[in-house]
Amino acid sequence: MARVVVGVEDPDPDVAGQGIARLRAHGVDVEVGPGSDEVRRSLGPYLHHRRHGRAFCLVKTAVSLDGRVAAADGSTRWITAGEARADAHGLRADSQAVVVGSGTALADRPALTVRHAAVDRQPLRVLLDARGRVAADGPLFDPDLAATLVVTTDRAPRRAVEAWVAAGAKVETVAPGVDGGVDPRAVLELLGARGVLQAMVEGGPTLHAALLRAGLVDRIVAYVAPTFLGPDGWPALAGPGPATLARARRWHLAAVARLGDDVRLDLEPPDGPPDGDA
Ligand SMILES: NC(=O)c1ccc[n+]([C@@H]2O[C@H](COP(=O)([O-])OP(=O)(O)OC[C@H]3O[C@@H](n4cnc5c(N)ncnc54)[C@H](OP(=O)(O)O)[C@@H]3O)[C@@H](O)[C@H]2O)c1
């Protein structure tokens, strides 16, 4: 008898379970479930998008041994060495959008393009700037490099919006978030509606903290560099942590890799690879 093994059912409402039912109707023995963790891990963004309609949120950060993402003066280039940076470009290449907050855009003037990995199409660059603080110049607004989307609120002055549009960027206005900024869930929904399966967030400590507080982070990749930046460096997360250790959320270490002298930690929510069942 023919036998088919299925890792996970496709949650797309247009197809969900139909293929399996058809196979069974034709006498094929179908087993659903073996290897589902691996399948869910590799298809995480797709499954998440089909179940929730919003983009899967991958947070990437590069930290020192004492958990700092920038030195006291805000400088951050480069905490990690070449191998880790090239690896991070591979993550960008696997994403359809790369997201930063206005703090990172102002401090680093990043290009947010894939440069050290092969890519068919550059991911959409997404700037979250609720108040119109970031000027429409520099590599982020160079349309020859890649497309740019600015997500803002009605607190941004009209001249800032006009300048972004004149520079060739798309602009979307959403509601403000509870912590200030733009509503992070609305951003992931908006990106999902644009067909973004995975949004890679390369923000600073403020944006990462807001996403974690909102429970929107589906995966974290942390590159840990063998250096100390001291107490005046910028901590990985802005804002208050848990009041007591018992309330600290622990992530599951799904993989670890050595990249030169740096280490890459792949972390997923404690319940295993997010597949959108929750
Ligand atoms: N090592 C690393 O991996 C790494 C990566 C990135 C940045 N950095 C460093 O981090 C520093 C910048 O930190 P940062 O915290 O200012 O950067 P950020 O998190 O990228 O930007 C924060 C700003 O983004 C805006 N924003 C819009 N929507 C938001 C939301 N939902 N939640 C939070 N913020 C939102 C807010 O300003 P408005 O309200 O004005 O919009 C907020 O002040 C720089 O020194 C940079 O070099 C390090």
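Numbering of ligands and ligand atoms starts at 1, following listing order.
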Do me a favour and list the nearest non-hydrogen protein atom to atom 19 (O) of ligand 1 with residue, atom name and distance?
Leu207 N, 2.8 Å
Spacing of Arg219 atom CZ and Lys60 atom NZ [to the nearest 0.5 Å]
13.0 Å
Ion pair check, Arg109 and Asp137, cut-off under 4.0 Å:
yes
Ala238: heavy atom below 4.0 Å from ligand 1, yes or no?
no
To which protein heavy atom is atom 12 (C) of ligand 1 closest, and what is the distance rounded to 0.1 Å?
Trp234 CZ3, 3.7 Å
How far is atom 47 (O) of ligand 1 from its nearest protein heavy atom, and which residue and atom name does that atom have?
Asp108 OD1, 2.8 Å
Nearest 0.5 Å, please: how far is CG in Leu259 from CG in Asp87?
5.0 Å
Could you tell me which atoms of ligand 1, counted from 1 in the order shown, lie closer than 4.0 angstrom to a heavy atom of Val182?
27 (C), 28 (N), 29 (C), 30 (C), 31 (N)
Residue pair Arg68 / Trp234, side-chain heavy-atom distance below 4.5 Å:
no
Report the nearest protein non-hydrogen atom to atom 39 (O) of ligand 1: residue, atom name, distance rounded to 0.1 Å.
Arg131 NE, 3.4 Å
Heavy-atom pairs closer than 4.0 Å: do any link ligand 1 to the side chain of Ala210, the backbone, both, or neither?
side chain
Can you pull out the closest protein heavy atom to atom 7 (C) of ligand 1? Residue, atom name and distance to 0.1 Å, please.
Thr104 OG1, 3.1 Å
Classify the contact between Ala107 and ligand 1 as side chain, backbone, both or neither, using a heavy-atom distance cut-off of under 4.0 Å.
side chain
Measuring from atom 5 (C) of ligand 1, which candidate in Gly204, Ala62, Gly203 has the nearest non-hydrogen atom?
Gly203
Does any part of the side chain of Ile79, heavy atoms only, come nearer than 4.5 Å to the side chain of Val63, both counted from C-beta?
no
Ligand-side contact atoms (ligand 1) for residue partner Ile79, heavy atom cut-off under 4.0 Å:
1 (N)
Distance under 4.0 Å to a non-hydrogen atom of Ser102: what atoms of ligand 1 satisfy this?
21 (O), 23 (C), 24 (O), 25 (C), 36 (C), 37 (O), 38 (P), 40 (O), 41 (O)
With a 4.0 Å cut-off, would you call Arg264 and Asp266 a salt bridge?
yes
Identify whether the distance between the nearest side-chain nitrogen and carboxylate oxygen of Arg41 and Glu38 falls below 4.0 Å.
yes
So, the side chain of Arg125 versus the backbone of Leu140: is there a donor-acceptor pair under 3.5 Å, distance only?
yes
Using a 4.0 Å cut-off to any heavy atom of Asp129, which atoms of ligand 1 qualify?
41 (O)
Could you work out, for atom 29 (C) of ligand 1, the closest of Ala236, Gly132, Gly181, Ala130 by heavy-atom distance?
Gly181
I need the contact type for Val63 against ligand 1. Using non-hydrogen atoms and a strict under-4.0 Å cut-off, is it side chain, backbone, both or neither?
neither
Please classify the Thr61 to ligand 1 contact at 4.0 Å (heavy-atom distances, strictly less than): side chain, backbone, both or neither.
both
Do the rings of Trp164 and Phe141 sit parallel, tilted or perpendicular, given the 30° and 60° boundaries?
parallel
Give me the residue, atom name and distance of the protein heavy atom closest to atom 16 (O) of ligand 1.
Gly103 CA, 3.4 Å
Separation between CG (Leu58) and CZ (Arg92), nearest 0.5 Å, reads 11.5 Å
Validation row: Thr61, His208 side chains within 4.5 angstrom (heavy atoms)
yes
Tell me whether Gly177 reaches ligand 1 (any heavy atom closer than 4.0 angstrom to a ligand atom).
no
With a 4.0 Å cut-off, would you call Arg194 and Glu172 a salt bridge?
yes
Check: Arg40 side chain, Val8 main-chain N or O, donor-acceptor pair, under 3.5 Å:
no
Look at atom 48 (C) of ligand 1 and say which protein heavy atom is nearest, naming residue and atom and giving the distance to 0.1 Å.
Val69 O, 3.4 Å
How does Glu202 reach ligand 1, by side chain, by backbone, by both or by neither, if only non-hydrogen atoms under 4.0 Å count?
backbone
For ligand 1, is there an N or O atom under 3.5 Å from any N or O atom of Lys60?
no
For ligand 1, which part of Ala70 has a heavy atom less than 4.0 Å away: the side chain, the backbone, both, or neither?
side chain
Could you identify the single nearest non-hydrogen protein atom to atom 43 (O) of ligand 1 and state the distance to 0.1 Å?
Arg133 NH2, 3.4 Å
Using heavy atoms and a threshold below 4.0 Å, how should the contact between Thr76 and ligand 1 be classified: side chain, backbone, both, or neither?
side chain
Does a side-chain N-to-carboxylate-O contact under 4.0 Å join Arg54 and Glu189?
no
